[in-house]
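This is a predicted model, so every value here is computed, not measured. The analysis underlying the following values was restricted to heavy atoms, covering all of them including side chains, and did not include hydrogens, waters or symmetry mates.
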Amino acid sequence: GYEDANIILNTTNGKYVLKIFFAERDLGNINSYIKILCECKNIGVQTTEILIDFNNGLGLFENNGVKTYYIITKFFEGKNFQNITPTIEDIKKVTQYLSKLNTLNFEVDKEYDAWGLKAFPDEYKKKKDKLTPEQNLLITDIYSYYTKLDMSNFSKSVIHGDMQRKH
């Protein structure tokens, strides 16, 4: 996630990632994240592999009563579509993975995601006074349309919640 710190570690034994979770991230949400990573392997979704096996893969730094959780994973070399156009085969593969993720049958702790689509109305209200008049003009119509959408029938959200080429 954007708030988490993801540090690539290049070693003589390979490439790894140290993921330090955002301090305000709820432990239940962190455990849900880990559970999803573990379950992905069981349903055939390619993802990274957690390496450290303590407390279900979760490490802990504690300093002056502040708990900071982390995991270490193998580096996963995926495709980044930020600078390239995905092919039809890429789109099919992503769609297959998304449909497999929707077969996971367990509750996930929800976390407020300021960058997520669901948070857009609240975040816009909080921050619109920091935008230029030109920026507000561009966003006002989108905000108005978005707040009228009936999302009660949406069963699940997009994984990242923000539609970007790299996601």
List the atom of N6, the atom of K19, and the distance in Å for their closest heavy-atom pair.
OD1-NZ, 3.1 Å

Any donor-acceptor N or O pair under 3.5 Å, side chains D90, T87
yes

Heavy-atom side-chain contact between K35 and N31 under 4.5 Å
no

Which residue, F21, F61, Y33, forms the ring pair (Phe, Tyr, Trp, His ring centres under 6.0 Å) with Y70?
F61

Could you state the interatomic distance from CG (L60) to OH (Y69), rounded to the nearest 0.5 Å?
5.5 Å

Can a donor-acceptor pair be found, under 3.5 Å and without considering hydrogens, that links the side chain of S144 to the backbone of T140?
no

Heavy-atom check, side chain of T68 versus side chain of N63, under 4.5 Å:
no

With rounding to the nearest 0.5 Å, note down the distance linking CD in Q82 to CD1 in I84.
11.0 Å

Kindly work out whether a path of hydrophobic side-chain contacts (I/L/V/M/F/W/Y, heavy atoms less than 4.5 Å apart) joins I36 to I43.
yes

Within a strict 4.5 Å, meaning less than it, do heavy atoms of the K92 and T95 side chains meet?
no

Within this structure, what is the CG-OG1 distance for the pair L101 and T47, rounded to the nearest 0.5 Å?
8.5 Å

Residues pairing under salt bridge (Lys or Arg N to Asp or Glu O under 4.0 Å) where one sits in residues 60-77, two or more places apart or in two chains, turn out to be E49-K74

Side chains of S99 and T103 in contact at under 4.5 Å (non-hydrogen atoms):
no

Could you tell me whether the side chain of N10 and the main chain of K15 form a donor-acceptor pair under 3.5 Å?
no

Closest heavy-atom pair and its distance - L18, L9
CB-CD1, 4.0 Å

same_hphob_cluster(I142, L149) at 4.5 Å side-chain heavy-atom cutoff:
yes

With side chains defined as the heavy atoms from C-beta onward, is the minimum distance between I34 and C38 less than 4.5 Å?
yes

Hydrophobic cluster membership, with links at side-chain heavy-atom distances under 4.5 Å among I/L/V/M/F/W/Y: are I50 and I30 in one?
yes

Path from V17 to I20 over hydrophobic side-chain contacts below 4.5 Å:
no

Cluster question for you: counting only ILVMFWY and a side-chain heavy-atom cut-off of under 4.5 Å, with indirect links fine, are I91 and L98 together?
no

Partners of N136 by side-chain hydrogen bond (donor to acceptor under 3.5 Å, both in side chains), sequence neighbours excluded?
Y124

For residues 123-138, the salt bridge (Lys or Arg N to Asp or Glu O under 4.0 Å) pairs (sequence neighbours left out) are E123-K126, E123-K127

Value rounded to 0.5 Å, distance of NZ in K93 from NZ in K79
11.0 Å

Side-chain heavy atoms of Y146 within contact of I139, under 4.5 Å
no

